[in-house]
Structures are given as structure tokens and as C-alpha cells.
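Numbers here are sequence positions counted from 1. Values below: every heavy atom of this structure, side chains too, minus hydrogens, waters and symmetry copies.
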Amino acid sequence: QVQLVESVGGLVQAGGSLRLSCAASGRTFSGNAMGWFRQAPGTERESVASISSGGGLTYYADSVKGRFTISRDNAKNTVYLQMNSLKPEDTAVYYCAAYRGLYSSDRTIAYWGQGTQVTVSS
């Protein structure tokens, strides 16, 4: 059974940092782009960051550029999201996702994690 399991998020003060991890099991994802999405109440799920299968290409939403960093360790089948300088508007449920293809330009999500809550207090 394929699973993407995110680490527990949490509550952090504005300006603080948090690192999310997503461990994949059931198959290797070294041949898939990976990404992080988020969804705040009353909004649509949005892409936050993505990374190509080999890790050489990354994408960031404008709202997080310069503050968030996505990385992956294919040997551990794990993808990370380092979040710095957090803002209250970053509060959302964060989802890990595996794309169908090597690059996130494929846009098709093959697997989703269950989501983890991140709350940033002002």
C-alpha cells in the first residue's frame, strides 16, 4: 500500500520556523516529482513548492519564495519543507504530494498525503 505520511505540524509564532517531512512507503518515488500544497479554510488547495525527481529543479509560489525551501532525500524516500519567517497567512493544512512524472510541470498528482495542520500565531 502506497502511503505519504507527513510529520506533525504544529503551532508556531510569527517569524518562527518549522520543518515538515513527508515519508513515502510502499514504493520508491525517486522517479517522481514531489510537492507541497496547502489549504486554508474557505480557500482552494494551492501549490506551495515542488521539486523534480532528481532534485535539480524547484518551484515556489510567490507567497513563500525566499522563506520556504523544499528538498528531498531519495535514499530515504522523504521530502522536506523548511519554512522560515512564518506569517499568520501561512496557516493552513499542508499536504505532501507525489506527481505522476519526473517534473511538476506534469501537474498530475498520483498520490496525496493526509495533511498536517500548521498554525502561525501573530
Exam field: side chain S85 to backbone R67, donor-acceptor pair closer than 3.5 Å: no
Donor-acceptor under 3.5 Å (E6 side chain, C96 main chain): yes
Salt bridge (charged side-chain N to carboxylate O under 4.0 Å, His left out) partners of residues 45-59, not counting sequence neighbours, each pair once: R38-E46
Summary of salt bridge (charged side-chain N to carboxylate O under 4.0 Å, His left out) pairs that have at least one residue in residues 100-113, sequence neighbours excluded: R100-D106
Separation between OG of S25 and CG of N77, rounded to the nearest 0.5 Å: 8.0 Å
For L4 against C22, the heavy-atom pair lying closest together: CB-SG, 3.8 Å
Nearest atoms (heavy-atom pairs only) where S7 meets T116: O-OG1, 3.0 Å
Pairs where residues 6-31 contributes a residue and the test ring pair (Phe, Tyr, Trp, His ring centres under 6.0 Å) is met, not counting sequence neighbours: F29-Y111
Residues forming a ring pair (Phe, Tyr, Trp, His ring centres under 6.0 Å) with F37, sequence neighbours excluded: W112
Expected output: side-chain N74 to main-chain G54 donor-acceptor under 3.5 Å: no
Between CG on residue N32 and CG on residue L102, distance to nearest 0.5 Å: 7.5 Å
Worked verdict on Y80 versus D73 for side chain to side chain contact (heavy atoms under 4.5 Å, CB included): CA-CA 8 Å; Y80 305 94; D73 185 337; 4.1 Å; yes
Verdict with supporting geometry, M83 and D90, side chain to side chain contact (heavy atoms under 4.5 Å, CB included): CA-CA 9 Å; M83 303 184 291; D90 294 319; over 6 Å; no
Expected output: side-chain Q114 to main-chain V5 donor-acceptor under 3.5 Å: no
Contact summary for L81 and A49, nearest pair of heavy atoms: CD1-CB, 4.2 Å
pair T91-Q117: side-chain heavy atoms closer than 4.5 Å: yes
Closest non-hydrogen atom pair, S104 against A33: N-CB, 3.6 Å
Pairwise ring pair (Phe, Tyr, Trp, His ring centres under 6.0 Å) hits with a residue in residues 85-109, at least two apart: none
Spatial distance of atom CE (M34) from atom OG (S71) [nearest 0.5 Å]: 11.5 Å
Expected output: side-chain T78 to main-chain K76 donor-acceptor under 3.5 Å: yes
V48 to V64 - nearest heavy-atom pair and separation: O-CG2, 3.6 Å
Donor-acceptor pair, side chain of T119 and main chain of L11, under 3.5 angstrom: no
All pairs passing side-chain hydrogen bond (donor to acceptor under 3.5 Å, both in side chains) where residues 53-62 contributes a residue, at least two apart: D62-K65
